Each structure stands twice: as structure tokens, then as C-alpha cells.
**Q** 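Sending over a structure as C-alpha cells; questions will come in a sec.
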Amino acid sequence: MSKPVVATASLAGCFGCHMSILDIDDRILKLIELVEFNKSPIDDIKTFTKQCDIGLIEGGCCNSENVENLKLFRKNCKILISVGECAIMGGLPAMRNGIPVKECLEEAYLKCPTVDDNIIPNDDELPMILDRVYPCHEIVKIDYFLPGCPPRADLIWEALVALLTGKELELPYEVVKFD
Amino acid sequence: MASLDAVVKQVVSKYGNDRTRLMDIITDVQTELGCVSDEAVAQIAKILDLSKVDVEGVITFYHFFTKTPRGKYTVYLNNSAVANMKGRAAIAKAFEDAVGCSFGRTTSDGLIGLYDTSCIGMNDQEPAAIINGVVFTNLTQEKVKEIVTGMKAGKDVKDLVKEYGDGANQSDLIRAMVKNNIMRKGPVLFAPYEQGSAIKAALSKKPEDVIEEIKIANLRGRGGAGFPTGMKWEFCRKAEGAKHYVICNADEGEPGTFKDRVILTELPHMLFEGMAIAGYAVGAQEGIIYLRAEYLYLKKYLEKVLEDLRAKNILGKNIAGKGFDFDIRIQMGAGAYVCGEESALIESAEGKRGEPRNRPPFPVQKGYLGYPTTVNNVETLCCAVRIMLEGGEWFAKMGTAQSKGTKLLSVSGDCQNPGIYEVEFGTTVNTLLEMVGGRTAKAVQVGGPSGTCISKKDFGRRICFDDLATGGSIIIIGPDRDLFEIVHNFMDFFVEESCGWCVPCRAGNVILKQKLEKIMSGKASTKDVQELEDWCKIVKATSRCGLGQTSPNPIYTTIQNFREMYEAKVKKDTDYVSTFDLLAAVEESCKAAGRIPKVEEH
Ligand SMILES: Cc1cc2nc3c(=O)[nH]c(=O)nc-3n(C[C@H](O)[C@H](O)[C@H](O)COP(=O)(O)O)c2cc1C
Ligand code: SF4
Ligand code: SF4
């Protein structure tokens, strides 16, 4: 039987959640035995080459490219998981949500003391900025949520193993306690 | 005009440079200067030896405090659900048209400001507004025009009141157009009584026996929570402290309640006498009545009543010659629903942000300024007066097993006779609907937004702590109303009034409201309703105080009692619907960057 296929993406995130995936330490070797990776920064595969079983999403959506990518993941993954606060709630990037996007752009590109060409980038190649940062589940259906900033490696590991083996997920208090 | 420094200095010294009187200091500075600017904040902080943030934190907490001018005339138009039922939208538009600015703003000449405000306790005579502390009720578009013309002509707001309400509303010290709308008088509150007779009866007993009598009556708090009053007083009496305090909770913030307003207007003597009885029982010599800012129009009158009672020796030193001293001061609030919660109320009375405290210690152990304090609702204290006169057994003959005596209900919404009704505990909703002319109701909101929304099948249930508990708010919802709109209004209220201290309430109510909006928009699945219900449970279970623990109730109880309404709105053929609209989402940023949105390939 072929191994289950996993894909991962970092949208409007800091890669901290991906680092936390790596934090499973030597279990990464076991993971490689258990699954095959497809589109993911972990193996640097840029495009989906086959239908995947599990998609792990870090970060919410702050621009049109994030949206496109997220929709692509939904299309190509049977199970989609929001990993971490940014994917689930918007997280740190969503701190801009209370400020009109125009003001944000002006502050960053026009008023900032370290810019001198004073133009809001407008190349068509660039992703378009969304009015606010959206959590993933507002854009596509998300099947599971792994909370934390980042979620602990143990939580990610346990969740993956549970999904892959069909075993009950064990969540000791320390793994889901956040203060 | 006196300089800012001089005004601040004079106000702060009026309150003995006492930081615990910060509410009064800010109120007075704002009255003098129109707002409390950064300069004023710095000056207050300096004199009181506080940080600027301490002062600013208080100002920004309360709805009626402001750092920027809100106009020589400031209109606060009630936006409660019942105000909407009674045509608020047209009134708001009339104000906007006549004034020439929109709500949330002040005219550029600084003359008139238009602002929304949560329920002002006038649900029986909506639409209503407060302008510079003066209440205007039953507003019509005509009246609005007249009022605005008057303001533009620079008239004193008081002179814009053309007619007066009934009873004490006509007295020189009130002169308000507010009507009492007393629709049903009962034996506890509205039977005649002789001023001073109850405190005399109490003083002829030992304090412990006063408490015993209250226990025999099985009196439970009328503010909503229904805690046994005798037990509360006993805890307070037994708690150690150099002093004890009695606080009357006249914050009456639950949308739809206005019964305390009527007691404060018609029975203030009874209330203050009740506070004295409580003082004697718990061993307090000082009482505070925390009066919501919306009832500022009653303040002068209440002060006069206090003076009268002192003159009659029902308050003051050596009351009735029995060696008991007790006096009362009025503490004004400044617009914050959460300040009705007793520990938040105490914080506020101490001149701080009205954020609830951790408990224990309970107020009866460590309350106002750290001293044992009993906080009681206006109506509860009036009940104590009657119990002193008629005895606990008399009182306990009325009502149900767990709820003795009568309850004063504030009835509003779709009925012929809105107003207050003193009914025996145990009265069914059906009987009440009959009484108030509201038989066509499709829903009744019992206990205000934080209570329960019941449907016809539950109209046989009884109003009492054993069944449908209420602090007094009864909102009747007629057959043609969109219940979603009402639930949404209630959620707006909780989002606005959450003190923000804890995440489940601060963020949870916003999430609940957004999810509700998703369902209302018709772009939701059955799963969204399930999720909404789950979120209700989370917010209820994890919030820190009563506000967050009950704020999901409008949604929670309508999902339970009107599930078909939710089901009619959702899509059944899918378990996920997105409301995301890419083109709309990128519109603003593309405009700012001067590019044309391209969304085809997404
Ligand atoms: C958010 C919130 C608002 C409240 N508002 C009021 C109020 O306006 N008036 C009141 O008497 N009690 C109010 N209460 C209840 C008080 O905390 C307290 O239980 C009551 O004043 C005690 O008096 P009682 O025992 O005589 O009812 C509120 C509670 C909460 C949680
Ligand atoms: S949840 Fe935390 S760790 Fe993960 S992407 Fe967001 S900020 Fe980084
Ligand atoms: S539940 Fe709401 S009102 Fe109560 S403490 Fe928390 S944030 Fe404040």
C-alpha cells in the first residue's frame, strides 16, 4: 500500500509552525517512514503532483495569493488542517484588522521614514492585499484545528499519528495549555 | 471662562483630593469644560498623584466620558431593541437631517453631537433620548424638529421639555416628561406606608433579629441573581472590618428594565429607609446609592429626599432616638452596563474602571474600600421595608416555594399597556400577557437580553426563580417581528458593553455576532448553527463574570426555542458555505495602489 501523502503551506504566517513540525526531533525519521511529502517547503516541491491525504496550513490569508494557494490546497487535499493561531484566527498579522488597509499601505510605503520612492507598489505581478487578514476557515472548509502559537510539536505529532492510524488522539493538559 | 488649571484644581479639591472620587471629578471637569482633554487628564493625574493612564483608563471606560468635545448639546439616542420596534430609525434620520451630521459625530461648529447609547431605562416610552442629561421620550419626527430648532437657537435644554409626566416627574426638582406608567400596584411596594415606621420597627429589634425576619420572609435579591438577602446581610454583619457599607445598586442597566426608575421617582423614601434598615442589620453607618448616569435627571430630587429624611431623623445621627447613625451619599455612574455587576460597581464607586473583581473575596467580605459591603438592588431594599412592617411570615405567604413576595416587572415591546406591574411571584407568562394586552406575542424575552427568549409553548411557565428568573425585564415580541434583528441588537449590546477583561467575552461575543450575521445573510450551513451553539457554550463556560456568562443567551435560547427559524435560513445541501468575496476584499487596497483588481484566475 502506498504511504499517505502530506502537503504543507505557510500563508500569512512566520514559519514558526513549520519550525514546530521540525521540532518533533528524531520522530521526523518515523514520520518519513509513515508518510510521503508532496507540495511543501519541507521538501521544496512547488506544485502539487498528486492528490494528497492531509494538508497542513500555517497562517491566515492576507492577500490574493494566500487565497489562491489555500483554495488549491482544499482542492488537492482530502483533509485540511489549520495549524496555529494565525491560520485559526489570523494571529499577529490580523493586528492590522482594526486599521483601514489604505492607512496601513500609506504608513508602510508613503510615510515610513526609510522609504524614498513614495509609491504604493502596484505591479500586476504582486498579490493584491485583502481588506483584512482572514482565518482560513472563512475562505474554505477546514476539517481540523491545531491551536497554539505555534502548536507544540507533540500536538502536531499526536494529531498526525492519530489521523494516519485512526487511533484516539491523546491530549494531555500541558499540550493544550497556553499561558 | 476660568482656565483649565483653575477648573481642575477647584474640582479636585471639592472632592478632598481623593482619588476614590475620580468618577465625580471627571464628571465635574467634563461638565465645566465640555470634555476631559489630554491637558485636563495630565492635570488631574498630577494633583491626585496618579499616572495619566490611570485617569485616561477611567475616561475611556465609560460611555458618557469623553476626551474630545461632543457638542454644546449632546444627543444620546437609545438604540435598544424596543427603541427599534418603536421607530427609532426614523427618529435617528430626523435628527440627522435636522442637525446636518450623522450619528457618532459632532457638527463642525461644535454645537450638536449625535450619539447612540444603550438602553436608557425608558423602554415603555420609546423612542427616547437624553440630551445634556434631560430625557426626551415618545419622540416623533415633529418633536425632533422642534428640539433641534431649540438647540440651534441656543435654548436651555430644560426649556425644550414641553409637557411633564405624572406623579413626582412634575415636581420642581425633576420636571421631566417621563411617565411612570404604573399599571398594577401590589401589596409589597405600592401599598401605603408611613415614612419612618419601618426603621423604627427595625431599631426596636436586635440587628440579628432584623436579619432573622428577612430570612423568615425568604427575601431574595431582585437585581437578577436572586441571592437570599438575609444570608447576604448575615455574611456581611459577621465579616470583620473597621466599617461596613451598604450599597444600593441603582444601575438598572439590563435592557428593558425600568422598574427601579419608577421606584426612585415615586418611592425614594421607602428605598432610603430600606438602606438604613440594611445598615442597621449589617452594622454599617454609611450607605451609597450608585445611580446610573441615565438617571441624572433624578439626582437633585433624590438629594432633596435625603435632606428631608435627615430633617425627619429617619437618616442622620441617632435615628429615632435609638442611637443608630446612618447616612447616604449618591454616587453617579457614567454609562457602563457591567457596572451593575456588584464588584464592578464597587470598583467604579472607588473611582476606577468598572471591571469586575476576582471572587472570592466577595463584597460581603471585602467590598467598598476593602470593607465588608452588602450590595442590594433598589427593589430588594424596598421589600425589606415592607417586611419590617408586615413581618416575614406575611411576606412569605405570597409567591412560590423558592420565590416569595411580589416582583415588579418592567413590560415593554409589542403590547397595549407597557409599564410596570407588581405581580405575585409565580404568575404565568400567559396571565401576564393577558394583563398587558400582549396576547398576540410570538416570543417573550424574560429577564432582558441576558435572560431567556421563550416561544408560545412556554407561555404557561411561571415567572419566579424556580422557573423563569428575571430581574424585571419583560420584552414582548409581536408576531410580525424579525426575531433575528432583535437577537442581533442584543449581541451588539453585549459586544459594546463587554469590559474587555477576559478573552472569551471580549472576543467571543464578536465571534458570536459574526456567526449570527453569517446565518442571517443566508450564506450558512446547518453546521454553522451547530458551531454557533458550541461557541455559546464556550463563552458561557469560560467567561469571568455574569456578563459573559449570560451574553450568549439571546442566541443560545433562540436556537433552543426557535430552531426552525435558524433552519429556515441555512443551506441544507452543503456542510460549508464561505461568505468570502475576493473582489470586495481587494477593492480598497487596489484603489489605494491605483491598480485594477484581477480576480479571474483566483
Ligand atoms: C452584567 C451584570 C449586570 C448587572 N446589573 C444589575 C443592575 O443593573 N441592577 C442590579 O440590581 N443588579 C445587577 N446585577 C446583579 C448584581 O451583581 C447583584 O447581584 C445585585 O445588585 C445584588 O442585589 P440583590 O441581591 O438585591 O439582587 C448585574 C449583574 C451582572 C453580572
Ligand atoms: S501561529 Fe505563531 S508560530 Fe505559527 S505562523 Fe502564526 S505567529 Fe508563527
Ligand atoms: S465576562 Fe466580559 S464583562 Fe465580565 S470580566 Fe470578562 S470581559 Fe469583562
Side-chain angles (χ1 to χ4, degrees), chain A residues 12 60-72 74-75 80 85 88-91 94-111 118-143 145 147 178-179, chain B residues 60 495 500-504 506-519 521 523-532 534-535 538-539 542 544 570-571 573-602:
Chain A
C61 293
C62 77
N63 63 32
S64 54
E65 189 185 41
N66 295 152
V67 174
E68 193 180 346
N69 216 349
L70 181 60
K71 286 182 175 166
L72 204 61
R74 180 70 275 181
K75 211 179 275 169
L80 207 53
E85 168 64 15
I88 296 175
M89 289 284 188
M95 285 191 73
R96 79 160 161 96
N97 283 8
I99 305 164
V101 68
K102 184 162 178 265
E103 258 174 58
C104 290
L105 292 168
E106 284 171 357
E107 191 66 34
Y109 295 109
L110 304 182
K111 295 190 193 149
N118 290 63
I119 177 174
I120 297 175
N122 58 6
D123 196 299
D124 272 347
E125 287 302 306
L126 295 170
M128 296 171 288
I129 307 290
L130 307 184
D131 55 344
R132 62 182 173 92
V133 177
Y134 290 75
C136 295
H137 65 268
E138 286 190 20
I139 310 237
V140 300
K141 183 182 170 194
I142 298 290
D143 301 289
F145 302 85
F178 299 110
D179 54 2
Chain B
T60 53
V495 168
W501 204 97
C502 65
V503 177
R506 183 181 66 230
N509 282 309
V510 176
I511 292 171
L512 287 173
K513 193 179 128 195
Q514 286 171 348
K515 291 213 166 271
L516 179 73
E517 282 164 1
K518 186 176 181 193
I519 292 172
S521 74
K523 292 184 192 140
S525 67
T526 315
K527 192 142 178 275
D528 284 305
V529 179
Q530 180 58 49
E531 266 178 27
L532 184 59
D534 289 346
W535 273 106
I538 293 170
V539 174
T542 56
R544 184 165 161 264
V570 300
K571 297 191 170 91
D573 51 351
T574 170
D575 65 347
Y576 179 81
V577 190
S578 171
T579 53
F580 181 69
D581 175 352
L582 183 59
L583 191 59
V586 300
E587 190 186 329
E588 192 186 340
S589 74
C590 285
K591 201 166 151 204
R595 52 191 283 206
I596 298 160
K598 285 202 190 120
V599 296
E600 303 77 51
E601 65 260 38
H602 292 278

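Source: prediction; values computed, not measured. The chains referred to below are lettered A, B, ... by the order of the sequence lines, with proteins before strands, and numbering in each begins at 1.
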**Q** Report which part of A:Asp123 has an atom under 4.5 Å of a heavy atom belonging to chain B: side chain, backbone, both, or neither.
**A** backbone
**Q** Looking only at heavy atoms, what is the nearest atom pair of B:Ser589 and A:Val101, with distance?
**A** N-CG1, 3.8 Å
**Q** Give the minimum heavy-atom separation between B:Ala593 and A:Pro121, together with the two atoms involved.
**A** CB-O, 3.5 Å
**Q** Which of the residues B:Ile511, B:Ile596, B:Asp575 is involved in the greatest number of heavy-atom pairs with chain A at under 4.5 angstrom?
**A**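 That would be B:Asp575.
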**Q** With a 6.0 Å cut-off (strictly less than), is the heavy-atom count around NZ of B:Lys523, excluding the residue itself, greater than 12?
**A** no
**Q** Tell me which of these, B:Pro597, B:Ala585, B:Ala584, has more heavy-atom pairs under 4.5 Å with chain A than the rest.
**A** B:Ala585
**Q** With a 4.5 angstrom heavy-atom cut-off, which part of A:Leu126 approaches chain B: side chain, backbone, both or neither?
**A** both
**Q** Side chain, backbone, both or neither: which part of B:Tyr576 has a non-hydrogen atom closer than 4.5 Å to chain A?
**A** side chain
**Q** For A:Pro100, is it the side chain, the backbone, both, or neither that has a heavy atom closer than 4.5 Å to a heavy atom of chain B?
**A** both
**Q** Which atoms of A:Tyr109 come close to chain B, meaning under 4.5 Å heavy atom to heavy atom: side chain ones, backbone ones, both, or neither?
**A** neither
**Q** Does the side chain of A:Val67 reach to within under 4.5 Å of the side chain of B:Phe580, using non-hydrogen atoms?
**A**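 Yes - at least one pair of side-chain heavy atoms lies under 4.5 Å apart.
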**Q** Within the 4.5 Å heavy-atom criterion, are B:Arg595 and A:Met128 side-chain neighbours or not?
**A**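 Yes; the side chains approach each other to less than 4.5 Å.
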**Q** Kindly compute the distance separating OG (B:Ser578) from NZ (A:Lys141), expressed to the nearest 0.5 Å.
**A**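 If we round to the nearest 0.5 Å, B:Ser578:OG and A:Lys141:NZ are 13.5 Å apart.
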**Q** Please flag which part of A:Leu130 lies under 4.5 Å from any non-hydrogen atom of chain B: side chain, backbone, both or neither.
**A** both
**Q** Measuring from atom NZ of B:Lys598 to atom CG of A:Asp124, what distance do you get when rounded to the nearest 0.5 angstrom?
**A** 3.5 Å
**Q** Heavy-atom distances under 4.5 Å only: say whether A:Pro135 touches chain B with side chain, backbone, both or neither.
**A**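 Looking at A:Pro135, nothing touches chain B.
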**Q** Quick check: are there more than 12 heavy atoms from other residues, nucleotides or ligands sitting under 6.0 Å from CD of B:Glu531?
**A**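 Buried by this count: over 12 neighbours within 6.0 Å.
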**Q** To the nearest 0.5 angstrom, please state how far the CD atom of B:Glu588 sits from the CZ atom of A:Arg132.
**A** 12.5 Å
**Q** Between atom CG of B:Leu582 and atom NZ of A:Lys71, what is the distance when rounded to the nearest 0.5 Å?
**A**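 Spacing of CG (B:Leu582) from NZ (A:Lys71) equals 6.0 Å.
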